[in-house]
Amino acid sequence: MITTLAGIDFSAPAHEVAPQLIGVTLLVNGVGGRIVETEAYDREEPASHCFIGETPRNFAMFGPPGRSYVYQSHGLHWCLNFVCREPGHGAGVLIRALEPLADAHGLAAMRARRQLEDERLLCAGPGRLCQALGVTRQHNNLPLSEAPFLLLPRDPAREVAMLAGPRIGISKAVDLPWRFVEAGSRFLSKPMRGSVL
DNA sequence: GCAGGGATGAACT
DNA sequence: GTTCATCCCTGCA
């Protein structure tokens with residue numbers, strides 16, 4: 001089983017994988033950008049979809065790590081997660097925002113899908129980035145090591161300063177500081193007021 | 001059958 | 001900066 005991708009061991013707990021994903025480039029069919037915002041979710045805390053146990057919707061999170069979990073939120077937005085931990089545990093990292101890269105990585109395609117010029121808002125939010133990358137239910141429970149997914153390691157020459165803080169859009173376990181962002185990024189779904197990691 | 005949701009965009013103060 | 005309608009699917013009574 002492949003659990004290490006882009007230099008990250010996905011069998012680790014989600015709150016350890018999530019900060020390591022900041023700065024990694026995510027591409028879907030060659031379209032994407034640098035990850036600048038993530039959130040960790042785990043079976044053992046009530047904000048997680050897997051807190052209630054395995055269901056037809058969340059079964060992918062109970063599968064092997066290094067795969068995708070895509071779900072529909074509020075009936076119209078898709079959200080992309082990366083599965084973590086050992087198989088059967090139930091944990092994942094929600095990808096919340098990307099920094100769009102040069103047109104070599106499909107900037108034009110993202111603009112067309114979003115019908116929006118502003119780079120800043122192209123991928124600033126889990127629903128938005130799925131729209132920009134064309135992620136839907138078809139992308140649920142797929143290995144991140146294979147097409148259409150591609151993960152490229154962080155640029156070692158580029159320093160990444162990170163902040164950790166409370167997660168967004170949840171009503172339970174709101175105090176857990178499991179949201180991770182690149183400090184100072186212009187491409188976040190919401191500004192971060194948290195502590196330096 | 002029904003309540004509520006890991007969100008967004010527009011319309012506001 | 002803030003609230004508000006809206007999307008429809010999921011899980012549980």
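Order of the sequence lines fixes the chain letters, A, B, ..., with proteins taken first and strands second; residue numbering starts at 1 for each chain. The basis for the numbers below is simple: all heavy atoms, side chains too, and nothing from hydrogens, waters or symmetry mates.
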For this session: Output all residues satisfying ring pair (Phe, Tyr, Trp, His ring centres under 6.0 Å) with A:His77, sequence neighbours left out; order by chain, then residue number.
Result: none
Exercise. Quick one: ring pair (Phe, Tyr, Trp, His ring centres under 6.0 Å) partners of A:Tyr71, sequence neighbours excluded?
Worked result: A:His49, A:Tyr69
Pairs of donor and acceptor atoms involving the side chains of residues 150-161 of chain A, under 3.5 Å and at least two apart or interchain, shall be tabulated with distances.
{"residue": "A:Arg154", "atom": "NE", "partner": "A:Ile22", "partner atom": "O", "Å": "2.8"}
{"residue": "A:Arg154", "atom": "NH2", "partner": "A:Pro19", "partner atom": "O", "Å": "3.2"}
{"residue": "A:Arg154", "atom": "NH2", "partner": "A:Gln20", "partner atom": "O", "Å": "3.2"}
{"residue": "A:Arg154", "atom": "NH2", "partner": "A:Ile22", "partner atom": "O", "Å": "2.8"}
{"residue": "A:Asp155", "atom": "OD1", "partner": "A:Ala157", "partner atom": "N", "Å": "2.9"}

Problem set entry | N or O in side chain of A:Ser171 less than 4.0 angstrom from B:dG5 OP1/OP2 | yes
Problem set entry | Base-contact (B) and sugar-phosphate-only (S) positions in nucleotides 7-13 of chain C, heavy-atom cut-off under 4.0 Å, - elsewhere | BBSSS--
Gap between atoms [atom1] and [atom2], on [X] and [N] respectively (whole Å):
X: A:Arg120; N: B:dG9; atom1: CZ; atom2: C1'; answer: 16 Å
X: A:Tyr71; N: B:dG4; atom1: OH; atom2: P; answer: 18 Å
X: A:Leu116; N: B:dA10; atom1: CG; atom2: C1'; answer: 14 Å
X: A:Leu122; N: B:dT8; atom1: CG; atom2: P; answer: 13 Å
X: A:Tyr41; N: B:dG5; atom1: OH; atom2: P; answer: 12 Å
X: A:Ile95; N: B:dA7; atom1: CD1; atom2: C1'; answer: 16 Å
X: A:Asp118; N: B:dA10; atom1: CG; atom2: C1'; answer: 16 Å

Problem set entry | Consecutive-pair stems (at least three Watson-Crick or G-U pairs, under 3.5 Å) that include DNA chain B | B:1-5 with C:8-12, B:7-12 with C:1-6
For this session: Between A:Arg114 and A:Val93, just flag the one whose closest nucleotide in DNA chain B comes earlier from the 5' side.
Result: A:Val93
Problem set entry | Polar side-chain atom of A:Ser48 near backbone of A:Tyr41 as donor-acceptor pair, under 3.5 Å | no
Exercise. Are the side chain of A:Glu99 and the backbone N or O of A:Val36 linked by a donor-acceptor pair below 3.5 Å?
Worked result: no
Exercise. If you look at every strand shown and take non-hydrogen atoms under 4.0 Å, does A:Arg167 touch a base, only sugar-phosphate, or nothing?
Worked result: nothing
Problem set entry | Sugar-phosphate only, base, or nothing, as touched by A:Leu94 at under 4.0 Å among non-hydrogen atoms | base
For this session: Sorted by first residue and then second, give each ring-ring contact (aromatic ring centres under 6.0 Å, His included) pair with at least one member in residues 4-33 of chain A; sequence neighbours left out.
Result: A:His15-A:Trp178
Kindly work out whether a path of hydrophobic side-chain contacts (I/L/V/M/F/W/Y, heavy atoms less than 4.5 Å apart) joins [X] to [Y].
X: A:Leu27; Y: A:Leu129; value: no
X: A:Leu5; Y: A:Val17; value: yes
X: A:Leu21; Y: A:Leu142; value: yes

